[in-house]
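Okay, so here's the structure we're looking at.
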Number of protein chains: 2
Amino acid sequence: MVEGQTHSLDAVFHALSDPTRRQMLRSLAGGERSISELATPFRMTFAGASKHVKALETAGLVRRRVEGRLHLCRLEAAPLAAADEWLRYYTRFWSDRLDALDHALRSADAAHVKRRKR
Amino acid sequence: MVEGQTHSLDAVFHALSDPTRRQMLRSLAGGERSISELATPFRMTFAGASKHVKALETAGLVRRRVEGRLHLCRLEAAPLAAADEWLRYYTRFWSDRLDALDHALRSADAAHVKRRKR
DNA sequence: CTGTCCTTCAACCATGTGGTTGAATATAAG
DNA sequence: CTTATATTCAACCACATGGTTGAAGGACAG
């Protein structure tokens, strides 16, 4: 279903628009990670990295479970799947359209009907 | 492969994170649109909508061609495909995890069998 | 209890964002 | 020419964002 929640798509795409967060997701693809494990690769402050994790969490891309003094994060698939579905719908549609345009351009190459001049 | 151009992914995902822009893309899926055609459905100013179009353009999602006093926009598939590739990589990975979760839920609940496409 | 580790919180700052307005450009039409 | 249309531009505003710092709160070790 492409319709999805507009609201959640906002959050998901916004979360994905940051390279730090995307890299965190890549790390999380290797399994559960603590906040400090997620933060270490970056040159920013711990608190700064923690904010990024929180952004991923509120976007629904990450689930957190507290174990002692560690906060262990793991990936959540559903919102990503929704975003992917959205994208897939359009990429498929647009590639069809590009094909059609390609054909049109090929067949009507020399026929420039528009009379615009300059 | 999946890493690709970090920079462009930033712009594409950010462009997609706004519902106004996503709706514009939906409109553009129906074919070429002028700026005013894209702007009409929204309650915001013309200049405001024009800014959104520009955002889509700089993200590479839209190509513009000026014909007289009209600026005609059309979709550009490539950056979308890149974003989709990124997402697909992770969703595939995460769907494996979902499968594991699914199995766990099924063994616990033993009632609901999901219909999965893969 | 004391201290150390992992983490969040609150305050703050610089910059970016979405949005407005008002003017400016360029093209078309009368 | 004058006027209307289609669009951008520049300036500005309120607000969110990414980042910092300096605390503070639990959990564990000694």
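Given the structure is predicted, the values throughout are model-derived calculations rather than measurements. Every chain is numbered from 1 and lettered A, B, ... according to where its sequence line falls, protein lines coming before strand lines.
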Over how many whole Å does the gap from [X] atom [atom1] to [N] atom [atom2] extend?
X	N	atom1	atom2	answer
B:H52	D:dT7	NE2	C1'	16 Å
B:H14	C:dG16	NE2	C1'	8 Å
A:M24	D:dG18	CE	P	11 Å
B:L70	C:dA26	CG	C1'	12 Å
A:H71	C:dT7	NE2	C1'	5 Å
B:D10	C:dT17	CG	P	11 Å
B:I35	C:dT27	CD1	P	16 Å
B:E67	C:dA28	CD	P	9 Å

- Going by number, which of residues 41-49 of chain B have a non-hydrogen atom under 4.0 Å from DNA chain D? B:F46, B:A47
- Item | Least distance between heavy atoms, B:S27 atom then B:R33 atom | OG-NE, 3.2 Å
- Message: Show the nearest heavy-atom pair for residues A:H14 and A:S17, with the distance to one decimal.
- Response: O-OG, 2.7 Å
Is the phosphate of [N], meaning OP1 or OP2, less than 4.0 Å from a side-chain N or O of [X]?
X	N	answer
B:R69	C:dA29	no
A:K54	C:dC9	yes
A:S36	C:dC5	no

- Message: By the 4.0 Å heavy-atom rule, please label B:T20 as base, sugar-phosphate, or nothing.
- Response: nothing
- Message: Side chains of A:P41 and A:Q23, heavy atoms from C-beta outward: is any pair under 4.5 Å?
- Response: yes
- Item | B:L75 side chain near B:L25 side chain, heavy-atom distance below 4.5 Å | yes
- Task: Give the intermediate values and the outcome of side-chain contact (heavy atoms from CB on, under 4.5 Å) for residues A:L16 and A:L61.
- Result: CA-CA 10 Å; A:L16 293 178; A:L61 296 175; 4.2 Å; yes
- Message: Heavy-atom nearest nucleotide on DNA chain D for A:D18 versus B:E37: which residue maps closer to 5'?
- Response: B:E37
- Item | For A:A81, all residues meeting side-chain contact (heavy atoms from CB on, under 4.5 Å), sequence neighbours excluded | none
- Message: If the condition is salt bridge (Lys or Arg N to Asp or Glu O under 4.0 Å), which residues does A:R65 pass it with, not counting sequence neighbours?
- Response: A:E32, A:E67
